[in-house]
Amino acid sequence: MNEQVRIVIIGGGIAGCSALYHLAKMGCTDALLLERDELTSGSTWHAAGNVPTYSTSWSVMKVQSYTAALYRELAQDPNSPISYHVTGSVRLAHSDERFAEFRHVTSMANAQGMGYDMLTPAQLVERYPLVKTHDLVGALWDPLDGDIDPSQVTQAMARAARAMGARVRRFERVVGLVQHANHSWTVTSRTADGDENTVECEVVVNAAGYRAGEVMSLIGRHLPIAHMSHQYYVTDEIAELAARETPLPLLRDPDTSYYLRQERNSFILGPYEWKATAMWQDRIPDQFANQLWSEDLERLEPQILDAGERVPVLGEAGIARVVNGPIPYAPDGNPYLGPERGLRNFFHCNTFSFGIAQGGGAGKAIAEWILEGRPAIDIWSIDRRRYKYYATTQYTIDKAIEVYQNEYAMGFPFEERPAGRPSYTSPLYETLKAKGAYFGARGGWERPTWFDTNVGTSKAVTDHSLSFFRRNGWREQVAQECAAARNGVAVLDLPGFTKIEIKGTGAEAYLDHLLCTKLPKTGRVTLCYALLPDGKMLSEFTLSKIADQHFYAVGAASAEWHDLDVLEAALPADGSVTLTNVTADYGSLIVVGPRSRDVLAQVTTSPLDNDSFPWLSVRDIDTAVGPVRALRVNYVGELGWELHAANDQLVALYTSIWAAGEQYGIRDFGIYAVDSLRLDKGYRGWKGDIEIGYSPFDASLDRFVDLSKPDFVGKEPLVAEWKQGPAWRFVSMTLDQPGDADAPFCSSIFDGAGDNANNIGLATSGGWSFTLNKSVALGYVRPQFEEPGAKVYIKIFGEVVAATVGSEPLFDPGNERPRA
Ligand SMILES: Cc1cc2nc3c(=O)[nH]c(=O)nc-3n(C[C@H](O)[C@H](O)[C@H](O)COP(=O)(O)OP(=O)(O)OC[C@H]3O[C@@H](n4cnc5c(N)ncnc54)[C@H](O)[C@@H]3O)c2cc1C
């Protein structure tokens with residue numbers, strides 16, 4: 001058999017069937033799903049079936065709330081009965097910190113149209129009479145939570161997709177994938193009888209669940225995937241449950257780390273235990289399908305005992321059966337969606353740790369990506385390309401264990417979890433560590449977060465505790481780092497920037513079409529934006545023009561694979577442009593502050609005055625370690641330079657800068673200080689402040705859009721938007737009363753403090769400005785609130801805090817300091 005079809009989906013679990021369903025729903029029925037065994041025979045059949053909408057991530061919450069809405073709709077179909085109980089859920093808070101987290105998530109959910117609420121212990125008992133509340137602060141109520149039969153909903157989507165014209169073939173395992181020069185694929189599959197079929201298709205979707213890594217090995221690629229054993233048990237029947245007229249809501253106790261839900265007249269208890277266990281570290285047994293592992297309840301003992309005290313009728317119930325099955329895990333516990341790096345027409349929709357809760361939204365997103373070129377919402381946090389080569393098998397296992405252990409833990413800002421690190425380090429790593437540097441990994445690269453200048457002495461910082469509220473123990477050190485950058489001179493080793501050389505006779509025309517910004521002239525540097533065809537922001541580059549038809553693009557550390565895909569996809573077919581990825585070859589030293597010129601002048605004989613080397617320009621300067629590319633630009637808004645030096649130059653270059661700087665009191669600084677300093681200047685962060693939901697006009701980046709260019713990707717919709725006026729504007733705000741917490745990511749912004757206030761925006765950055773001594777938030781508001789002086793109200797961990805829109809930037813509005 002040799003057939004043709006547009007799209008082949010590999011795997012018939014919830015993810016594959018949802019992808020097929022959404023493709024068909026969007027009009028693409030020329031799609032075939034191949035399943036090696038029976039539908040749902042991977043992880044899906046034995047899932048507990050919980051469908052939470054709760055997430056601390058804005059985009060994952062959107063994916064999950066769509067999923068729950070879809071299931072409610074599917075469950076209405078009388079021809080396809082699905083056992084779906086929308087019971088609502090309660091999440092217990094043992095501490096004020098946890099309660100604060102819940103209050104923030106509640107405001108996120110409210111902003112997404114979901115009626116989350118906070119409960120006092122007494123209100124909790126009204127909803128859940130069987131719970132003990134003596135040690136609780138309160139709880140969160142999610143009215144949309146519930147449980148679904150995972151096999152039924154998967155079958156329902158498969159059935160609906162078939163009814164629309166898409167096809168499903170079972171007992172047909174994909175054993176070969178070959179891509180052709182025109183980017184189409186030949187998919188070879190093998191039936192249970194050993195017969196081989198081939199299918200010619202345009203697009204392949206890997207929805208193979210815990211076997212997604214096996215599918216990648218068919219094309220010689222690695223997938224960072226671990227397989228965690230997860231268990232729940234079902235109790236014997238419980239009289240108190242049988243006596244109830246309505247089922248209890250789901251209960252989660254995140255501080256103890258378990259979920260508990262009613263299953264008919266019994267309970268299901270599912271802990272995320274500390275003794276997290278990664279299985280199949282070598283390979284997955286070929287025959288494993290529709291199977292479970294044998295039980296190991298000892299691992300769950302602490303949670304079982306605790307849950308039994310929390311809900312005493314549970315403690316008295318016997319255990320009827322145990323389910324111990326495989327859950328695939330990425331290093332951060334999020335799934336993989338979207339394109340495989342550098343491979344056209346290959347998409348991921350796999351590695352779901354919560355596939356029942358996310359499958360609906362994920363299937364929609366992948367169908368949109370394939371058919372429309374982009375998902376409706378920005379889902380970078382689950383994009384496959386967020387993990388580069390550093391995510392080895394061992395790294396993935398270490399991280400998966402850590403994330404499983406912390407599945408319900410609070411995600412504090414400034415928490416840098418240790419497992420699997422370090423991956424990529426700068427040549428200066430050990431030197432800086434010895435000087436008191438603490439590190440955080442960004443895109444796999446270890447970057448100094450802050451320095452304890454008293455390391456090794458009795459004055460060393462001892463308070464490393466984490467909190468939403470208390471600004472951390474190292475705060476004073478970061479304040480000093482900021483002061484050095486603003487008033488003296490400071491140096492930062494910042495490895496991992498994405499760095500790409502763009503050369504060739506077609507380079508200028510290629511970039512001019514790809515970017516909406518006016519390109520820099522030779523020797524100059526400009527911040528540039530690449531847009532999607534619909535005019536929304538796809539990526540950001542600091543672009544230097546080194547010479548005629550030679551550019552140098554710098555992007556975020558985590559953006560390397562994303563940006564390479566963006567740049568490669570736009571390359572002209574005539575070979576007139578070449579891209580060279582030099583990310584790993586070059587490091588960067590950031591030297592900033594009013595004395596930075598004095599320091600650098602001792603390191604180079606090249607002129608650094610404003611005429612020879614003005615702000616926003618690029619030069620090769622000579623140094624004792626040879627020529628170094630210097631960009632007079634920085635992310636903190638000071639006089640300063642980024643020195644992009646080869647890795648073998650870095651240590652000696654740093655040493656010479658330090659020696660020259662000592663007379664000026666030079667200080668090392670880290671990325672926590674950078675984050676404070678960039679807020680003063682309103683500098684946007686990639687995928688925090690800048691994402692595909694917004695246009696550059698929404699983001700108030702008007703000056704980076706050149707509508708006079710003859711053409712560029714996304715121009716037409718931008719012209720229309722310019723005439724009509726954007727839907728949003730990006731502003732800098734300061735809290736009128738700073739309180740004890742800064743605005744967390746995705747805080748809602750209102751036009752008043754009362755209950756009837758309207759939601760008018762979203763804060764996408766928040767933090768403490770050590771320069772202004774204020775709490776600063778950046779974010780999107782409706783245009784009528786963009787004028788400086790406008791009053792807005794930001795919901796910070798449940799408290800409505802008045803804030804004032806400032807003129808951007810809040811600090812040094814004329815940019816006198818960087819051009820000094
Ligand atoms: C005990 C337990 C409880 C859980 N409870 C929940 C819960 O309450 N809520 C929740 O959201 N999640 C839960 N999960 C997780 C959930 O089960 C998974 O996230 C989800 O089922 C993954 O779905 P999937 O479609 O990605 O993968 P799978 O269901 O594993 O489907 C992948 C399919 O691909 C097929 N396949 C593989 N290789 C090939 C090939 N080469 N050719 C053709 N077909 C192939 C497999 O046979 C399989 O059917 C639980 C997991 C466990 C273990």
Side-chain angles (χ1 to χ4, degrees), residues 8-20 32-53 63-64 67-68 71 145-151 153-154 157-158 168-177 187-191 204-218 225 227-234 250 252 259 261 263 268 270-272 279 284 286-293 295 322-329 333-337 348-363 407:
V8 168
I9 297 171
I10 305 170
I14 188 112
C17 291
S18 173
L20 188 76
L32 169 68
L33 185 151
L34 295 174
E35 163 55 51
R36 83 200 274 277
D37 293 290
E38 183 53 88
L39 295 183
T40 77
S41 61
S43 286
T44 296
W45 69 279
H46 57 60
N50 306 335
V51 190
T53 62
V63 167
Q64 295 182 170
T67 302
Y71 294 172
D145 208 333
D147 65 275
I148 198 159
D149 182 316
S151 297
V153 71
T154 305
M157 286 194 278
V168 173
R169 286 214 302 263
R170 295 167 302 143
F171 304 105
E172 209 171 315
R173 171 184 183 164
V174 172
V175 292
L177 288 172
V187 180
T188 306
S189 58
R190 191 175 298 141
T191 67
V204 168
V205 180
N206 179 357
Y210 54 74
R211 293 190 187 274
E214 286 180 0
V215 169
M216 296 318 289
S217 62
L218 297 177
I225 182 170
H227 308 101
M228 303 302 293
S229 139
H230 177 61
Q231 305 180 76
Y232 63 79
Y233 73 76
V234 187
L250 254 147
R252 289 187 188 77
Y259 54 84
R261 82 158 168 83
E263 168 78 2
I268 279 183
Y272 286 94
M279 309 288 285
I284 304 173
D286 201 51
Q287 295 314 316
F288 195 97
N290 261 321
Q291 289 180 45
L292 296 171
W293 292 307
E295 64 187 63
V322 181
V323 171
N324 181 3
I327 302 194
Y329 262 75
N334 278 337
Y336 294 130
L337 258 81
H348 292 270
C349 188
N350 55 56
T351 317
F352 289 87
S353 305
F354 295 95
I356 312 307
Q358 297 166 351
E407 197 59 83

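A quick note: this is a predicted structure, and the numbers were derived from the prediction, not measured. Numbering of residues begins at 1 and proceeds along the displayed sequence. Each ligand, and each atom within it, is numbered from 1 in the order the structure gives.
At least one N or O atom of Thr44 sits closer than 3.5 Å to an N or O atom of ligand 1. Ligand 1 has no N or O atom lying under 3.5 Å from any N or O atom of Pro326, backbone or side chain. Residue-to-ligand polar distances keep Val323 apart from ligand 1: every N/O pair is separated by 3.5 Å or more. For ligand 1, none of its N or O atoms has an N or O atom of Ile10 under 3.5 Å away. Not one N or O of Ile327 is nearer than 3.5 Å to an N or O of ligand 1, by distance alone. For ligand 1, the polar-atom distance check finds an N/O of Ala357 within less than 3.5 Å of one of the ligand's N/O atoms. Looking at Asn50 next to ligand 1, an N or O pair under 3.5 Å apart turns up.
Residue-ligand proximity, Arg211 to ligand 1, at heavy-atom distances under 4.0 Å covers atoms 37 (C), 38 (N).
Residues Asn50 and Phe354 are not in side-chain contact: their nearest non-hydrogen atoms beyond the backbone lie 4.5 Å or more apart. A heavy-atom distance below 4.5 Å is found between the side chains of Leu33 and Cys17.
Distance from atom 43 (C) of ligand 1 to its nearest protein heavy atom, with residue and atom name: Arg36 N, 3.2 Å. Of the protein's heavy atoms, Gly11 CA, 3.1 Å lies nearest to atom 34 (O) of ligand 1. Nearest protein neighbour of atom 13 (C) of ligand 1, counting heavy atoms only, is Ala47 CB, 3.8 Å. For atom 31 (O) of ligand 1, the closest non-hydrogen atom on the protein side is Gly13 CA, 3.4 Å. The closest protein non-hydrogen atom to atom 49 (O) of ligand 1 is Glu35 OE1, 2.7 Å. Nearest protein neighbour of atom 42 (N) of ligand 1, counting heavy atoms only, is Val174 N, 2.9 Å. When only non-hydrogen protein atoms are considered, atom 1 (C) of ligand 1 lies nearest to His230 O, 3.3 Å. At the top of the distance list for atom 27 (O) of ligand 1, counting protein heavy atoms only, stands Gly209 CA, 3.3 Å.
For the pair Arg36 (side chain) and Ala289 (backbone), a donor-acceptor distance under 3.5 Å is absent. Side chain of Ser229 to backbone of Gly325: no donor-acceptor contact under 3.5 angstrom is found. In this structure, Ser43 contributes its side chain and Pro326 its backbone to a donor-acceptor pair below 3.5 Å.
Proximity of Leu34 to ligand 1, defined as any heavy-atom pair under 4.0 Å, is confined to the backbone N, CA, C and O atoms. At a 4.0 Å heavy-atom cut-off, ligand 1 does not touch Pro335 at all. In Trp45, neither the side chain nor the backbone holds a heavy atom less than 4.0 Å from any atom of ligand 1.
Applying the ring-ring contact (aromatic ring centres under 6.0 Å, His included) rule to Tyr71 yields no partners; only residues at least two apart in sequence or on another chain are considered. Listed by chain and number, the residues in a ring-ring contact (aromatic ring centres under 6.0 Å, His included) with Tyr272 are His230, Tyr404, Tyr408 (sequence neighbours excluded).
When the heavy-atom distances from atom 15 (C) of ligand 1 to Ser353, Ser18, Gly16, Ser43 are ranked, the shortest goes to Ser353. Of all the listed residues (Arg261, His46, Glu214, Gln231), His46 holds the heavy atom that lies closest to atom 53 (C) of ligand 1. Counting only non-hydrogen atoms, the option in Ala48, Gly363, Cys349 that gets closest to atom 3 (C) of ligand 1 is Ala48.
When Tyr329, Phe352, Phe288 are each tested for a side chain to side chain contact (heavy atoms under 4.5 Å, CB included) with Tyr210, only one passes: Phe288. Just one residue in the list Val322, Leu292, Val323 forms a side chain to side chain contact (heavy atoms under 4.5 Å, CB included) with Gln231, and that residue is Val322.
For Ile14, the closest heavy-atom approach to ligand 1 falls below 4.0 Å. A heavy-atom separation below 4.0 Å is found between Ser41 and ligand 1.
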inquiry  = Checking Leu39 against Arg170 for the side-chain contact (heavy atoms from CB on, under 4.5 Å) test, could you report, in this order, the C-alpha distance in whole Å, the side-chain angles of both residues, the deciding distance, and whether it holds?
reply    = CA-CA 7 Å; Leu39 295 183; Arg170 295 167 302 143; 4.1 Å; yes
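Atom CZ of Arg190 is surrounded by 12 or fewer heavy atoms from other residues, nucleotides or ligands within 6.0 Å.
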